[in-house]
Each structure stands twice: as structure tokens, then as C-alpha cells.
Amino acid sequence: MLTDKRILLIIAGGIAAYKSLDLIRQLRKRGAWVTPVLTKAGAEFVTPLAVSALAGEKVYRDLFDLTDEAEMGHIQLSRSADLVVVAPATADLMAKMAGGHANDLASTLLMATDTPVLIAPAMNVRMWEHPATRRNIATLRGDGVMVVGPNEGDMACGEYGPGRMSEPEEIVNAIETALAEGPLAGRRILVTSGPTHEPIDPVRYIANRSSGAQGTAIARALAVMGAEVVFVTGPADAERPEGVHIVEVQTAQEMLEAVQGVLPVDAAIFAAAVADWRVASASDSKLKKTKGGIPALEFAENPDILATVSQMEAGRPGLVIGFAAETDDVIANATSKRARKGCDWIVANDVSPETGVMGGHENAVTLISDEGAEHWPRMGKHEVAHQLAERIATALGSL
Ligand code: CTP
């Protein structure tokens with residue numbers, strides 16, 4: 001439920017604006033108060049009357065509407081909410097947000113707010129895939145903006161692909177996650193996830209088979225329990241978790257820098273399958289077959305992010321959890337890995353191909369801590385995530 005939560009809903013100009021009417025209805029049904037803001041283009045798709053009738057509140061439309069300024073200044077309006085939601089978030093509004101523009105009511109509110117922001121992008125597939133939108137979404141995520149969707153499917157313009165705004169139920173779920181109150185409320189937790197890509201040249205890289213599924217499930221479980229989650233992910237296949245701050249990286253070195261930028265945190269979970277080595281001097285131009293036969297790649301060691309954070313003298317997170325993906329002597333290897341890296345807990349799993357763990361939906365883990373090794377039965381990755389999140393809540397509660 002969202003009882004008495006205040007949502008400032010910015011409706012920008014896209015065909016998906018019609019879904020925002022249903023979003024308002026669903027939010028009201030769950031007990032939330034919705035203060036709607038309609039951009040000039042948004043009003044071309046849905047009428048102010050329909051929006052205000054459903055919200056049961058006045059629609060704010062113009063920065064220079066002096067009556068509004070007298071009733072509630074735009075600064076106050078931007079801060080009166082528990083969450084600012086932009087749905088649909090158009091390519092244009094996202095560009096304004098990323099660039100820090102403030103030339104209409106919506107963009108000014110987004111610049112002035114000190115409240116968390118969740119956006120539901122909606123646009124044509126080519127616009128979603130355009131390098132400018134890629135840059136803008138990465139900037140916004142880096143600024144702490146939460147993103148839900150878009151989904152893949154048929155588009156109003158007749159094309160097919162990612163760009164459809166998430167359904168109202170999905171947006172409501174993301175809002176609930178972002179506003180969740182639970183045993184981890186007020187806790188800031190870092191999760192690393194996915195593989196890293198280590199470039200050989202501009203078109204080739206070294207990677208691994210991690211899908212990011214377990215890290216994603218952990219981030220979701222922590223967010224549902226009320227934590228503020230920062231999710232630092234390599235280029236993983238898994239869908240990004242909703243209601244969390246996402247930082248996208250490619251390489252181990254970028255992941256280390258991102259992690260250092262996120263600290264301090266109360267707990268850190270290192271679920272990423274980080275490449276141990278990178279190509280020492282990746283080529284700036286594509287390696288050609290003709291140039292002197294088979295290339296000899298020289299490797300350099302990557303920084304160990306888990307060990308670096310575990311061994312910090314000042315500002316170490318209260319709880320540091322590593323993963324150990326092993327194929328032989330799982331417990332012995334994981335136990336010595338825990339000691340070597342200096343983390344508090346290790347979640348060990350057997351990733352031998354016959355277990356089907358890598359890329360699969362299930363996991364059988366052993367939790368190794370000061371108290372020894374505790375075997376968990378084989379279960380879904382979501383279950384593992386949920387149980388681990390509960391353990392984390394208990395541990396943080398007694399720190
Ligand atoms: N890890 C990390 N940075 C690295 C390598 C690993 O943060 N450069 C983290 C992983 O996220 C995981 C843990 O360390 O939590 C264990 O990673 P793993 O690759 O299994 O261990 P290795 O250090 O590579 O040891 P080994 O090669 O002996 O398996």
C-alpha cells in the first residue's frame with residue numbers, strides 16, 4: 001500500500017500519456033496522493049480535466065502562472081512529494097534532465113527537487129537506441145535517477161522493439177519499491193553484479209557467462225525490504241532491478257571506480273563476476289589478421305574490488321559479503337577465499353556445468369561466516385536473494 005504517500009507525477013508529451021491516467025487511478029486506489037504536472041506537449045495527448053478529475057487535485061502546467069506561485073512556489077511543489085515520477089519520460093524531457101535545463105515547469109521542478117526521482121521512459125525504438133538517449137540515461141542513472149522500463153513490444157508508430165512505457169502496474173510496483181519501508185529502511189547498500197567486459201580492441205573483448213540474475217535478485221530483495229540500493233552492474237543480460245540506483249560499467253577498473261564513488265554504505269555485496277585479468281595494452285584500432293600473424297595478448301591483473309573494500313582502513317562498510325564461484329573443493333576454496341580477501345561472509349556456490357547454476361534460475365549456496373559453513377538447500381535465485389536479504393537485515397540490526 002501507498003497510504004498517504006505523496007507522488008508528484010509529471011506527464012510529458014508521448015502517446016503513452018494515456019496510460020498515466022490509469023496510473024493515477026491505481027495510485028489513488030492504493031491510498032497515494034497524486035499531484036499532477038502536465039507539460040505543454042503532454043496536454044496534446046491527455047486533457048488537463050481528465051488528469052485533475054482522476055487525481056482529485058489541481059493540475060500544474062505553467063512555470064509562470066502567478067496564481068500557482070502564490071499558492072505554492074515551484075520549489076515547494078518540487079519538495080512536497082515523497083517521490084517524483086515522470087511517466088511518460090520522453091527523449092526530450094530526459095535530455096533536458098541530463099543537461100540540467102530548467103525552461104518549463106516540469107524541467108524546473110526536476111532541477112529543484114531534493115526528492116528521489118523515478119522515470120518511465122517511452123519513445124520510438126530508434127530514439128531509445130540513439131546514442132544521445134544512451135548517454136542521457138547513463139547520466140541520469142549516475143545522478144541517482146531510478147528507471148522503470150521501457151518494455152519491448154509493438155509501438156504506436158508501427159515499429160517493434162524496446163521503447164514502450166511500462167504498464168501502470170509495473171510503474172506502481174517500482175514506486176512501491178522506491179518508497180518501501182521495511183527492516184532495511186534508512187540503510188544504504190551496494191550490490192555489484194554481472195560480468196565485466198575487458199577490451200582487446202575496439203570491437204573485441206574478454207567476458208564470462210555471468211547473467212547477473214543472482215545480483216539482480218539480491219538488489220530487488222534488499223530494495224523491497226526498504227534499503228536504498230546502489231546497483232553497480234557490468235553488461236549483464238538480466239533486466240535491471242526497479243526502484244534502485246543503477247550505475248552501468250564495462251570493465252573491472254570502471255567497476256572499482258564506481259564502487260569507490262558509491263561509498264560509504266552500510267553493507268556491500270559483491271555478486272559480480274569480475275574478470276581477474278585485462279589485456280595489458282588494449283589496441284585503439286581493430287587488430288588485423290594480416291598484421292604479423294596471430295596476436296600474442298599480454299595480460300595485467302585487475303584490481304580485486306572485494307579485497308580492496310574489505311581491507312579499507314577507514315570507511316569500511318559494516319558488512320562485506322563476497323561470492324565464491326567454484327568448480328572443485330567448494331567449501332575449502334571458499335573458506336580460504338574469505339580469509340584471503342578479508343570479507344565477513346562468503347556465499348559459495350558450485351558452478352560446475354552439471355549444476356546448471358550459471359545462467360540458470362536456481363542456486364545451491366553455502367554461507368560461510370565466522371560461525372562456519374551453513375548449507376542452504378537448492379532453491380530459486382529469488383529465494384536465495386530473499387533469505388540473504390533477511391540475514392543482512394538481522395546482521396545490520398545487531399551491528
Ligand atoms: N571479485 C572482485 N574483484 C575481482 C575479482 C573478484 O570484487 N577482481 C569478487 C567477486 O565479486 C566475488 C569474489 O570476489 O564476490 C570472488 O570472486 P572469484 O572470481 O570467485 O574469486 P577469485 O578472486 O577470482 O579467486 P579464484 O581465481 O581463486 O577463484
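Predicted, not measured: the structure shown is a model, and the values here were computed from it. As the structure lists them, so they are numbered: ligands from 1, and atoms in each ligand from 1.
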Is it true that [X] and [Y] have a side-chain N and a carboxylate O under 4.0 angstrom from each other?
X: Arg391; Y: Glu374; answer: yes
X: Glu57; Y: Arg6; answer: yes
X: Arg141; Y: Glu248; answer: yes
X: Glu242; Y: Arg220; answer: yes
X: Lys341; Y: Asp304; answer: yes
X: Asp22; Y: Lys19; answer: no

Can an N or O of [X] be found at a distance shorter than 3.5 Å from an N or O of ligand 1?
X: Ala271; answer: no
X: Phe270; answer: yes
X: Pro303; answer: yes
X: Ala272; answer: yes
X: Ala324; answer: no

Proximity of Ala307 to ligand 1 by residue part, where a heavy atom lies under 4.0 Å: neither
Element-labelled atoms of ligand 1 that are located less than 4.0 Å from some non-hydrogen atom of Asp276: 5 (C), 24 (O), 27 (O)
Best match, Lys337, Glu326, Lys341: closest heavy atom to atom 29 (O) of ligand 1: Lys337
